[in-house]
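What follows is a short report on a single structure.
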Amino acid sequence: NDRAIMQKPTDQCLEFLNELKGEKGACGIGSIINLDGTPREEVKELIMEGLCDMDLRGGRIDGTGDGAGIMVRTRHMREMLESALHSATSVPENESLYAGMLFIAKEDADNIDTLMETVREAMQQEGVKMVGLRTSIETSEKRLETYPEHLGIKAREKMPVMAQVLFTRGFHTEKTLPKALYKAKGKIANRTQSIDVISLEPGTIVYKGMATGDQLRRFYGDFKNPLFQTDAGLFHTRFATNVLSRWGLAQPFQRIAHNGEINTIAALRSKSRDLQALLRLNQSILMREGSDSGDLDRIAALYKSHGISLPETMRRIFIPSPDDRVFMEKKVRDFFYAVQISHGALSAAEGPAGIVFLDEKEAGGILDGLGLRPLRAIETKDGLLLFTSEMGAPYIDEERIKKAFQLDAGEMVFTRGGKIFYPPEANKEIARNTLLNVDELVSGGKIYLMPLSKQHSGIQEKITWRWNKFGGTTNLRMLME
């Protein structure tokens, strides 16, 4: 049983695991969340332990890892982040301070001042204020400490310049900030190909690279800083299968860490391009040269930027199989039916895929409808929630375990407001709070992919398009902000 598996491995078990080190076929993922939202040193320690434990899964060639990384919440790191504020700049205590991570192409390092001005202008044009900067360049006034000597040769050869940008909401509220950042990232991508936006989200930051888990732990100096404190984070160790390793393709991305493949990625990309044209977006929904995981994250970004919660976003993209939906209550069945008829192929993501996700407020894990990747949720008696694709990574003493739950095909577990939603309550919570016009869709009414904005209330329609869904042509009315 799960509790027995959590016990320390025997010598025979360790010998067997050593024999398996050359047998790799999937990435390793995990997440640690302190449910009461306070920082705990143990959260940081378990993230690092889990990351290194997953080296069992990660790929490497001649000492260079396929990729490893972590994403953490930053709300308890203010004192550490303030060290990167521009000279003579201060941020009031009652104003949130955020941080993002950029990779700058190595060959453009001499042009970094101009590139950072491009970033500042893009953010300013969307009402977001950039207030600080640290870079990994040795001569930087405010330096982001990195230790390349711990990386493999190929990783050092391809290593970009890291830039950590600090920003505030500027003119925005908590509700409008995500969409402003989404547009700012689009402007940056349109103006230069020298910048890879690794993370630029409210309340989280990503540290990653072409490394193994143990190499990454030694590479970033921030991890040694006693002010590096968090209440939640996730980790990923990559085993590259269909895309060659690259610094920017290491995971996590800006919302998710993914174990597996998205075998329906061609359909998802095709419908994303259709949606991009329909909405007349001035930016690409997809990455320039992305992996399936990277493009999945970018699709989720569009929904998230329009006020749809991250758990609901993932639930819309990965819906359970029809056979599983038969046994769900009507309100939940109606929700998934409404998602299908309104989203078409955008709701047809299939793996095998196990995913952990995290943002400033919520976190969780989900399996696609096939359920062919391992993912467990572990709740401890002292208020932690862990997700892991490998039991024992990180190790939790069985005496601490309150509940160990194996996710099945199409299931999701997530936390919101300090409460854990297990199946079937997870789907019920999503259906209760969805922004999708479910009743209208089920009765054959209009299709709204995104929530109606207040200024459009009562308006019959703003945009009417025809969209090819499942090979057919149907009137699609979408009201967008």
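In what follows, every heavy atom counts, from backbone to side chain, and hydrogens, waters and symmetry copies are set aside.
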Nearest heavy atoms of [X] and [Y], plus distance in Å:
X	Y	value
Leu200	Gln254	N-OE1, 3.1 Å
Ser342	Leu441	CB-CD1, 4.0 Å
Asn263	Pro352	ND2-CD, 3.5 Å
Gly209	Leu216	N-CD1, 3.6 Å
Gly233	Ile47	CA-CD1, 3.6 Å
Ala393	Phe235	O-CZ, 4.1 Å

Less than 4.0 angstrom from a charged side-chain N to a carboxylate O is my criterion; do [X] and [Y] meet it?
X	Y	value
Glu329	Lys428	yes
Arg40	Asp382	yes
Lys271	Asp274	yes
Arg400	Glu42	yes

* **Given Asp231, Asp359, Thr204, the one that forms side chain to side chain donor-acceptor pair (under 3.5 Å) with Arg73** =>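 When side chain to side chain donor-acceptor pair (under 3.5 Å) is applied between Arg73 and each of Asp231, Asp359, Thr204, only Asp231 qualifies.
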
Tell me whether [X] contacts the main-chain N or O of [Y] through its side chain, where contact means a donor paired with an acceptor under 3.5 Å.
X	Y	value
Asn259	Ile29	no
Arg373	Leu367	no
His150	Arg217	no
Thr434	Ala431	no
Lys361	Gly417	no
Asn225	Met80	no
Arg134	Gln164	no
Lys381	Glu399	yes
Gln251	His258	yes
Thr264	Glu350	yes

Are more than 12 heavy atoms, taken from residues, nucleotides or ligands other than [X], located less than 6.0 Å from that residue's [atom1] atom?
X	atom1	value
Leu227	CG	yes
Glu45	CD	yes
Tyr422	OH	yes
Gln193	CD	no

To the nearest 0.5 angstrom, please state how far the [atom1] atom of [X] sits from the [atom2] atom of [Y].
X	Y	atom1	atom2	value
Tyr98	Arg78	OH	CZ	10.0 Å
Ile32	Ile378	CD1	CD1	8.5 Å
Phe414	Phe357	CZ	CZ	7.5 Å
Leu97	Leu81	CG	CG	5.5 Å
Leu296	Arg269	CG	CZ	10.0 Å
Met162	Thr135	CE	OG1	11.0 Å

* **Criterion salt bridge (Lys or Arg N to Asp or Glu O under 4.0 Å) against Glu379, the qualifying member of Lys419, Lys402, Lys403** =>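 Among Lys419, Lys402, Lys403, the one that satisfies the salt bridge (Lys or Arg N to Asp or Glu O under 4.0 Å) with Glu379 is Lys402.
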
* Hey, mind stepping through Ile256 and Met314 against side chain to side chain contact (heavy atoms under 4.5 Å, CB included) and telling me if it holds? -> CA-CA 10 Å; Ile256 69 168; Met314 301 312 298; 4.1 Å; yes

* **Verdict with supporting geometry, Val413 and Phe387, side chain to side chain contact (heavy atoms under 4.5 Å, CB included)** => CA-CA 9 Å; Val413 175; Phe387 291 90; 3.9 Å; yes

Side-chain contact, heavy-atom cut-off 4.5 Å: [X] with [Y]?
X	Y	answer
Gln229	Glu41	yes
Ile430	Met412	yes
Asp324	Glu411	no
Thr212	Thr237	no
Arg416	Ser309	yes
His236	Val356	no
Lys224	Glu145	no
Ile299	Ile317	yes

* On the 0 to 90° scale, with breaks at 30° and 60°, tag the Phe223-Phe228 ring pair as parallel, tilted or perpendicular. =>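 The arrangement is perpendicular - the two ring planes meet at more than 60°.
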
* To do: Specify whether Trp247 and Phe103 have parallel, tilted or perpendicular ring planes, treating 30° as the upper limit for parallel and 60° as the lower limit for perpendicular.
  =>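 Correct class here is perpendicular.
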
* Take Tyr182 and Leu302 through the test side chain to side chain contact (heavy atoms under 4.5 Å, CB included) and record every step on the way to the result. => CA-CA 8 Å; Tyr182 183 79; Leu302 178 66; 3.7 Å; yes

* For the pair Arg325 and Val332, evaluate side chain to side chain contact (heavy atoms under 4.5 Å, CB included) and give the outcome as yes or no after the intermediate values. => CA-CA 8 Å; Arg325 297 201 299 269; Val332 176; over 6 Å; no

* To do: Indicate whether the side chain of Thr313 and that of Arg255 have a donor and an acceptor atom separated by less than 3.5 Å.
  =>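 Absent: no donor and acceptor within the cut-off.
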
* Asked: Strictly by modelled atom types, are Thr38 and Asp36 linked by a side-chain donor-acceptor pair under 3.5 Å?
  ->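 A pair is found: one side chain offers a donor N or O, the other an acceptor, under 3.5 Å apart.
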
